[in-house]
Amino acid sequence: DVMPTLDMALFDWTDYEDLKPDM
Amino acid sequence: TDPCYDEAGAPQRCIPEFVNAALGREVQASSTDPRQTHPAAFLTDASAAADRTCWRSETLTRTPLNVTLTLPLGKAFELVYVSLHFCSARPDSAAVFKSQDHGRSWSPLRFFSSQCSRVYGRPSRAVGQAPAQASLGSIVPRGPEALCSEPPPRTGPLLAFSMQDGLPPGQDLDSSPVLQDWVTATDIRVVLTRPVGPRATEGGVVAPYVYSVGELQVGGRCKCNGHASRCVADTQGRLVCDCRHGTEGPDCERCKPFYCDRPWQRATAHEAHACLACSCNGHARRCRFNMELYRLSGRRSGGVCLNCRHNTAGRHCHYCREGFYRDQTRVLSHRRACKACDCHPVGAAGKTCNQTTGQCPCKDGVTGLTCNRCAPGFQQSRSPVAPCVKIP
């Protein structure tokens, strides 16, 4: 089975603002 | 067909044709008949014996009776002989010099005199007579020396010599850098020093004397080190070799910038010693030679590519630089042979992928070439630090 690609919208960046890539 | 390559296209030694290098070139004479009817141009106009045109010096009445003829050849030639055909009586003493640096310095090639020791401070030696220690060992290390001999009695108005005179037999130009240097000249200078006969009075006033020469010939080949079959005028009108074998320079004396995979060498009859282009797979325009690498390769290849483009790297631009990987669907020389890694900003643990396979380093539970999917048994979480977690 081909897994779906990671959905960037699902990530919670609250505690990781400094890691957040440009999207 | 190009004489510098054989029928199969392989390089082979090529040399320009044998010519009179003096023909049509301008001679500077230190003294010329002021009536202008016998100019120095007559020295190199190849006039035939039947209607020979002659240069004449001024009428000389005081010693020293020196007159100098200077002939720039325009570039380096490899000489075979030099000859002077006199219209007047042949002088008793004359010296021929060469320059290898376009007239900045001069060295003697040959002296003629009935009094070698007194006039030139050199021992007199008949042509063909071997020097005192005639052996390769004694002559070659310091180079051939200019001989001094009496002008040959049976050559009439001709004064001539061969560059081979006095050399031990069997000398091979190909294998002897010393001989190559000996025959190389950019300019020739003839100094006529002592008229013949009773006019050769020492000091003060002498009977009027005129030197007159019909033809100055310099037989030889344009020097191209075996890498050109002809010499041509460049854009500034200077005579230069029409270089082949990846060489360049007026005498093809160096490799072209990109042709430095091995050191420059003069071509021989058996080996063309062509300069080889660096192997950069089409991704670099410049390279440099590295002697250490050349030695390590068994004297086969020493070129190192500079400024590899198209995201390639390495001595031959043969692999992909960091952050890129080899696209196996394209040939190495393709400008897009290296693709960006494109590692997923969340799923990958870094931005650098395997340069061969393109595999990015994935975080736990993440899979895919770019780490953009959760592995089987994992599902996406909300945490960008651990994007895939095990399914309970």
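Just so it is clear: chains get the letters A, B, ... in the order the sequence lines come, proteins before strands, and each one is counted from 1. Computed from heavy atoms alone, side chains included, the values below leave out hydrogens, waters and symmetry copies.
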S.K.: Taking all non-hydrogen atoms of both residues into account, name the closest pair between A/M8 and B/P345 and its distance.
M.R.: CE-CG, 4.0 Å

S.K.: Counting heavy atoms not belonging to B/R299, are there more than 12 under 6.0 Å from its CZ?
M.R.: no

S.K.: Using non-hydrogen atoms only, which part of B/C388 is less than 4.5 Å away from chain A: side chain, backbone, both, or neither?
M.R.: side chain

S.K.: Based on non-hydrogen pairs under 4.5 Å, which of A/D15, A/T5, A/T14 is most in contact with chain B?
M.R.: A/T5

S.K.: Rounded to the nearest 0.5 Å, how far does OG1 of B/T370 lie from CG of A/L6?
M.R.: 8.5 Å

S.K.: Looking at B/Y259, I want to see if its OH is surrounded by more than 12 non-hydrogen atoms of other residues, nucleotides or ligands under 6.0 Å.
M.R.: no

S.K.: Side chains of residues 358-369 of chain B: which donor-acceptor partners sit under 3.5 Å, not counting sequence neighbours?
M.R.:
residue	atom	partner	partner atom	Å
B/Q359	NE2	B/G368	O	3.0
B/K363	NZ	B/V346	O	2.8
B/K363	NZ	B/P384	O	3.2

S.K.: Look at atom CZ of B/R330 and say whether more than 12 heavy atoms of other residues, nucleotides or ligands are closer to it than 6.0 Å.
M.R.: yes

S.K.: Taking atom OH of A/Y16 and atom OG of B/S383, what is their separation to the nearest 0.5 Å?
M.R.: 4.5 Å

S.K.: Work out which heavy atom in A/L10 is nearest to a heavy atom in B/Q380; give both atom names and the distance.
M.R.: CB-NE2, 3.5 Å

S.K.: More than 12 heavy atoms of other residues, nucleotides or ligands under 6.0 Å from CD of A/E17: is that the case?
M.R.: yes

